[in-house]
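For reference, the structure discussed in these notes is given below.
Lettering of chains follows the sequences in order, A, B, ..., and the numbering in each one begins at 1.
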Amino acid sequence: MSRIGFAGMTHLGLNSAVASAAKGYTVCCFDEDKDLIVQLADGRPHVVEPDLERLMGEHAGRLQFTAEVSELASCPLVYIAPDVPTDNSGNSDLTQINALIERVDEAIPADIIMVVLSQVPPGFTRDLKLKAGRPLFYQVETLIFGRAVERALQPERFIIGCTDPTSPLPSPFEDYLRTFDCPLLPMRYESAELAKISINCCLVASISVANTLAELCEHLGADWSEIVPALKKDKRIGPHAYLSPGLGIAGGNLERDLNTVISLADRYGTDGNIVRAWTANSGYRKNWVLRLLHQHVFNRMPDPTIAVWGLAYKQNTHSTKNSPSLELIQHLDRYRLSVFDPVVKAAAVQGRKLEEHADALTACSGADVLAIMTPWPQFKNVPPADICRAMKGAVVIDPYRVLSKTACEAEGLTYFTLGSPIGESHADTSE
Amino acid sequence: MLTHQNKEPRNPDRVVMLGGNGFFGKALTKLLKESSMETLPLSSADLDLTADDAVDKLKSTLREDDSLVIFSALTPDRGRGIDTFMANLKMIENLCAYLAEQKPAHVIYFSSDAVYPLGSGPVNETSAAAPADLYGAMHRSRELMLQQTLGDQLCILRPTLVYGADDSHNSYGPNRFRRQAAKEGKIVIGGEGEETRDHIYIDDIAEITKLVLENRSTGMLNVAGGSSTDFGTVARLVAAQFDGNVEVCPTPRKMPATHRSFDITALHRAFPGYVFTPLETGLKKAHEGSL
């Protein structure tokens with residue numbers, strides 16, 4: 001088999017399709033949005049991911065974009081891969097994916113394998129009503145915004161939900177998966193669906209631990225960045241553990257899974273309160289910068305100009321879903337703000353006209369305070385000395401430690417970051 | 001979380017205060033008068049909310065365009081028993097009977113942080129209100145009575161510990177410390193005074209209430225400064241106002257220390273840029289005001 005189909009050209013579908021093309025497959029990419037298909041056929045992705053556009057160009061000959069669902073009928077294996085939208089609380093809207101599955105099921109013969117790759121709740125796959133005899137699987141997606149192509153090309157493992165995990169996978173499907181040279185973990189549908197959620201819960205648990213203890217560090221004179229290496233050397237925790245403190249969970253996917261666990265726990269009468277606590281902690285952390293501004297800046301400077309670097313919810317993505325930056329800006333109505341993001345335009349901030357700049361340094365020119373709300377890698381390259389010269393004031397709020405604390409303080413900047421003692425070097429933030 | 005009903009802040013037509021002769025009411029009246037707002041502070045002598053004719057008196061006193069601020073309550077120094085609890089509920093029962101017939105333009109109810117249990121982490125407006133005593137239960141019951149009557153047209157403010165020169169109560173904290181220092185030349189604290197609380201100065205209560213009135217805000221808000229200080233430090237700060245002649249006297253601890261802190265993000269969101277009086281400044285003002 002050298003042909004494979006993907007239905008739904010959102011973030012997940014497009015990155016997965018392009019990765020398959022890069023592995024040598026001819027990929028039929030279907031989406032009902034004709035304008036989107038024209039754009040993609042022209043090699044212009046509508047989502048931002050490192051290497052995506054380059055790979056689309058390199059493998060354009062194997063990527064066939066179409067708005068005709070019938071063209072999927074020539075593929076022995078078809079992935080259903082649209083992103084499932086959520087509201088701000090993490091509630092999934094399954095309307096679109098259900099409609100897409102129904103449409104694809106009607107359009108392709110019953111012997112073609114269908115694999116659901118989208119973010120669906122436990123029980124979804126088994127409940128699907130498809131043509132009799134349709135081989136149906138669920139495959140866990142582990143897309144990470146900003147690393148989607150890398151993750152799609154080099155998955156750690158494939159988790160496959162099946163009707164019968166003891167039966168061998170159909171050869172077209174198994175052959176395709178083996179191309180990626182990683183372990184295959186077949187299991188029942190519900191286990192696979194819950195495995196995806198379990199992975200995200202473990203990540204959130206780690207992040208919540210980091211956030212909780214990093215906040216204590218800020219008050220105790222400890223520095224979380226000194227503690228993290230000790231944790232990562234512990235085999236039970238590991239070198240890749242998510243231990244960076246942050247400004248709460250964002251992006252939509254983790255929020256969705258936490259919301260699903262809470263809903264299921266309520267429905268089945270199990271204890272989901274720890275997940276509620278993670279969610280509450282996330283909401284609390286999201287306002288770290290706002291609290292800090294009130295506690296350490298506004299009481300000394302009544303009307304500061306604030307430069308904001310970054311609008312996206314994380315680096316290397318265009319997404320602003322639950323972005324801490326947008327959340328902060330929403331509550332700084334009365335202050336003059338100047339912003340810069342390498343990808344997201346200021347128009348993404350609804351209800352507020354912002355002073356937008358073409359680069360980071362210009363954005364902080366004349367500002368009293370700089371808040372680095374998204375850890376874009378290019379921000380690391382801005383020398384603190386230049387920041388110091390450009391700014392009118394000297395307060396730098398850098399939650400993610402994009403800049404060097406030592407270098408900033410050497411330039412006389414008053415530097416705040418997550419997990420580092422507050423008040424250590426900034427008894428006076430006045431000019 | 002508050003919702004501002006006015007698109008732009010503006011003065012209310014008239015502010016009527018029930019319990020307007022108390023610690024909070026006097027401070028608010030003073031501030032509103034300075035802002036040329038029409039005020040009508042009513043004490044229990046003017047309008048006894050527990051009386052049989054309370055509803056009629058409310059009808060003859062209040063106007064539809066009034067903003068009503070409810071301070072009236074029998075505080076714990078007036079009794080902690082069931083009779084006090086029931087008298088407090090009676091006041092709001094009568095008030096709700098009036099409000100069911102005639103709703104003022106805006107209603108603000110002064111509740112208390114006593115609706116929250118101690119030791120449950122940083123308190124915010126989503127924290128569970130699970131009062132541990134009848135005083136807290138009284139405020140929570142009154143909140144529910146008013147919410148049932150007014151729906152989402154109500155503003156509930158839950159202040160934490162408030163201090164100031166005119167405070168007539170003598171509960172443990174800055175006010176008692178100041179009086180004890182002046183009278184006895186010493187301040188007695190429990191244990192080493194390890195318990196932490198958020199203390200706010202009375203002028204901040206008045207200022208926040210004024211903002212709520214100007215914006216005709218509805219919803220619920222904790223009124224706290226967002227910074228907790230242990231009683232030992234507070235006692236030493238109060239003692240320092242007396243030219244070093246006051247001794248802070250620890251006592252053997254009988255109960256485990258409890259703590260309370262607030263996450264005041266909702267207040268920051270409602271009133272961006274509002275800066276609370278720093279504790280040292282507030283204690284100094286309270287001291288000077290009491291001389």
Can you name the closest pair of heavy atoms from B:Pro272 and A:Tyr335 and give their distance?
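In this case the closest contact between B:Pro272 and A:Tyr335 is C-OH, 4.1 Å.
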Residue selection (most heavy-atom pairs with chain B, distance under 4.5 Å) from A:Arg334, A:His331, A:Gln295:
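It is A:His331.
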How long is the straight-line distance from CG of A:Leu290 back to CD1 of B:Ile264, given to the nearest 0.5 Å?
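Taking CD1 in B:Ile264 and CG in A:Leu290, the distance rounds to 9.5 Å.
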Atom CZ of B:Phe276 and atom NE2 of A:His294: how far apart are they, to the nearest 0.5 Å?
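One gets 10.0 Å once the value is rounded to the nearest 0.5 Å.
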Could you tell me which of B:Asn124, B:Val275, B:Thr126 has the largest number of non-hydrogen atom pairs under 4.5 Å with chain A?
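Of the options given, most contacts go to B:Val275.
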Counting only non-hydrogen atoms closer than 4.5 Å, does B:Tyr274 touch chain A with its backbone (N, CA, C, O), its side chain (CB onward), both, or neither?
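Just the backbone, heavy atoms under 4.5 Å.
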Is the number of heavy atoms from other residues, nucleotides or ligands under 6.0 Å of [X] [atom1] greater than 12?
{"X": "A:Glu355", "atom1": "CD", "value": "yes"}
{"X": "A:Ile274", "atom1": "CD1", "value": "no"}
{"X": "B:Gln5", "atom1": "CD", "value": "yes"}
{"X": "B:Glu8", "atom1": "CD", "value": "no"}
{"X": "B:Glu288", "atom1": "CD", "value": "yes"}

Side chain proximity check, A:Asn287 to B:Arg269, heavy atoms < 4.5 angstrom:
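The answer is yes, as the side chains (C-beta and beyond) meet within the 4.5 Å cut-off.
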Under 4.5 Å from any heavy atom of chain B, what part of A:Gln330 do you find: side chain, backbone, both or neither?
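Looking at A:Gln330, nothing touches chain B.
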For B:Thr265, give me all partners under side-chain hydrogen bond (donor to acceptor under 3.5 Å, both in side chains), at least two apart in sequence or on another chain.
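Listed in chain order: A:Arg291, B:Asp263.
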